[in-house]
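Here's the structure, in structure tokens; my notes come after.
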Number of protein chains: 2
Amino acid sequence: MSRAEQKERTRQAIINAAFSQLSAEKGFASLSLREVTREAGIAPTSFYRHFADMDELGLTLVDEAGLMLRQLMRQARLRIEKNGSVINTSVQTFMEFVADNSNVFRLLLRERSGTSAAFRAAVAREIQHFSAELAHYLRKQTECSAEQAQLQAEAMVTLVFHTGADALDAPKEQYAQLTRRTVLQLRWLAHGAASYGRKSQA
Amino acid sequence: MSRAEQKERTRQAIINAAFSQLSAEKGFASLSLREVTREAGIAPTSFYRHFADMDELGLTLVDEAGLMLRQLMRQARLRIEKNGSVINTSVQTFMEFVADNSNVFRLLLRERSGTSAAFRAAVAREIQHFSAELAHYLRKQTECSAEQAQLQAEAMVTLVFHTGADALDAPKEQYAQLTRRTVLQLRWLAHGAASYGRKSQA
DNA sequence: TAAATTAGCTTACAGTTGTAAGCTCAAAGT
DNA sequence: ACTTTGAGCTTACAACTGTAAGCTAATTTA
């Protein structure tokens with residue numbers, strides 16, 4: 001095995017260890033370098049061969065999470081093309097993502113309002129991509145100004161994220177209801193933006 | 001000074017010390033008992049005369065924050081009666097609260113998705129009160145079912161909270177724009193809920 | 001007035017943390 | 001074949017954490 005190959009392998013081991021230690025009870029802030037390296041199977045000080053400090057690891061995790069979000073969008077896009085209903089399919093897909101990758105979603109959710117400005121900015125950027133894609137769809141479906149579409153998309157993402165957060169603490173039996181409620185909220189928003197915008201082109 | 005009086009005084013000193021150590025860079029989780037007692041002017045172990053552990057202190061802080069939220073609502077109510085515009089006045093009032101009590105708002109914002117289930121529940125309860133009051137107003141203004149009003153209120157609170165979070169990282173010059181955008185989102189929501197609900201009484 | 005209570009103190013300990021210094025030894029470069 | 005590089009190791013240290021044990025002194029109660 002080549003040297004670079006091995007290095008990349010332990011790097012991934014560190015990342016995986018970090019992700020696996022995140023949970024409902026443990027956020028990134030309370031992760032310790034020693035615990036992570038212990039799980040990754042290396043000595044504490046070897047950590048520095050890969051990351052300058054825990055913050056650098058954290059930003060890497062956020063990037064990976066953002067990547068997953070983008071994959072999620074791709075998946076949603078496919079399902080929308082088959083299904084047609086943008087709102088319903090999107091929310092459904094997102095809820096599945098939250099259920100299947102709760103640790104990843106929790107990371108984004110927490111660091112969005114966390115104690116590191118760099119983390120907050122990183123998460124905000126990832127969510128921004130997400131909203132921009134949604135805004136693109138909205139413009140295709142309902143014709144309106146780019147600014148309006150963006151504002152509407154941001155509101156929708158905010159509502160969906162919030163529902164995702166609720167889902168983390170709710171039993172699975174409630175997912176359907178949570179989804180239903182959110183879909184209704186989004187429909188109101190879409191409906192209101194369309195008709196209200198027609199009256200006054202703000 | 002009576003004994004109970006003095007005790008209450010240092011209890012408040014602890015609470016104040018804790019609040020003052022919260023900041024953009026430091027969340028409740030990274031508060032240390034020793035630091036808090038140092039600022040409160042007592043010995044570390046004296047802490048236990050007032051709280052069983054840091055969690056108990058934290059829940060107290062959340063309660064105090066909820067109290068401030070309720071005061072905020074009362075203030076908003078007064079201003080609405082004079083001003084008339086529910087949405088605009090509410091958002092305005094809320095943004096002032098965030099600006100003037102950013103540490104308090106940050107506490108709620110963070111612990112809402114924090115690592116302690118008890119904290120999350122406590123924050124959720126406070127926000128629930130907030131939404132319920134708003135729902136009450138919505139029912140008076142636009143007639144609709146209680147369930148619809150509640151759902152609409154929750155969406156509005158979610159959007160306003162999110163804007164508050166954005167405001168924490170934004171320069172004050174942007175507050176006006178943030179407010180304007182949010183008001184627009186809320187109007188869409190209100191408008192959509194009214195007209196969409198008329199078509200299909202969900 | 002004598003006894004009981006208790007807020008706050010001092011001292012102490014065991015555990016954890018991040019990270020500096022320097023070694024080993026296998027892969028990569030020349 | 002010889003040298004250089006560098007991933008991972010061991011050891012070590014200073015800083016900090018929460019909290020247990022027990023004392024002091026002042027208020028409260030009997």
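All chains are named by letter (A, B, ...) in the order of the sequence lines, taking the proteins before the strands, and each is independently numbered beginning at 1. All heavy atoms count here, side chains included; hydrogens, waters and symmetry mates do not. Given the structure is predicted, the values throughout are model-derived calculations rather than measurements.
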What is the separation between atom NZ on B/K7 and atom P on C/dT5, rounded to the nearest whole Å?
15 Å
Take atom NE2 of A/H50 and atom C1' of D/dG6, then tell me their distance rounded to the nearest Å.
10 Å
Note: B/E154-A/R181 ion pair, threshold 4.0 Å (strictly below):
yes
I'd like to check the side chain to side chain contact (heavy atoms under 4.5 Å, CB included) partners of B/A124; sequence neighbours left out, ordered by chain and number.
none
Counterpart residues, salt bridge (Lys or Arg N to Asp or Glu O under 4.0 Å), relative to B/D53 (two or more places apart)
none
Does anything in residues 8-17 of chain B come within less than 4.0 Å of DNA chain C? Heavy atoms only, and list the residues if so.
B/T10
If you measure from the Lys or Arg side-chain nitrogens to the Asp or Glu carboxylate oxygens, is any gap between A/E133 and A/R77 under 4.0 Å?
yes
Whether B/T89 side chain and B/V86 backbone form a donor-acceptor pair below 3.5 Å:
no
Pairs meeting criterion side chain to side chain donor-acceptor pair (under 3.5 Å) with involvement of residues 34-47 of chain A, two or more places apart
A/S20-A/E39, A/Q21-A/E39, A/K26-A/E35
For B/A170 and B/Q174 the tightest heavy-atom approach is CB-OE1, 3.9 Å
Across nucleotides 17-30 of chain C, 5' to 3', mark each nucleotide with B, S or - according to how protein heavy atoms within less than 4.0 Å reach it.
BBBB-----BBS--
Residues pairing under side chain to side chain donor-acceptor pair (under 3.5 Å) where one sits in residues 106-119 of chain A, two or more places apart or in two chains, turn out to be none
Gap between atoms CZ and P, on B/F47 and C/dC9 respectively (whole Å)
14 Å
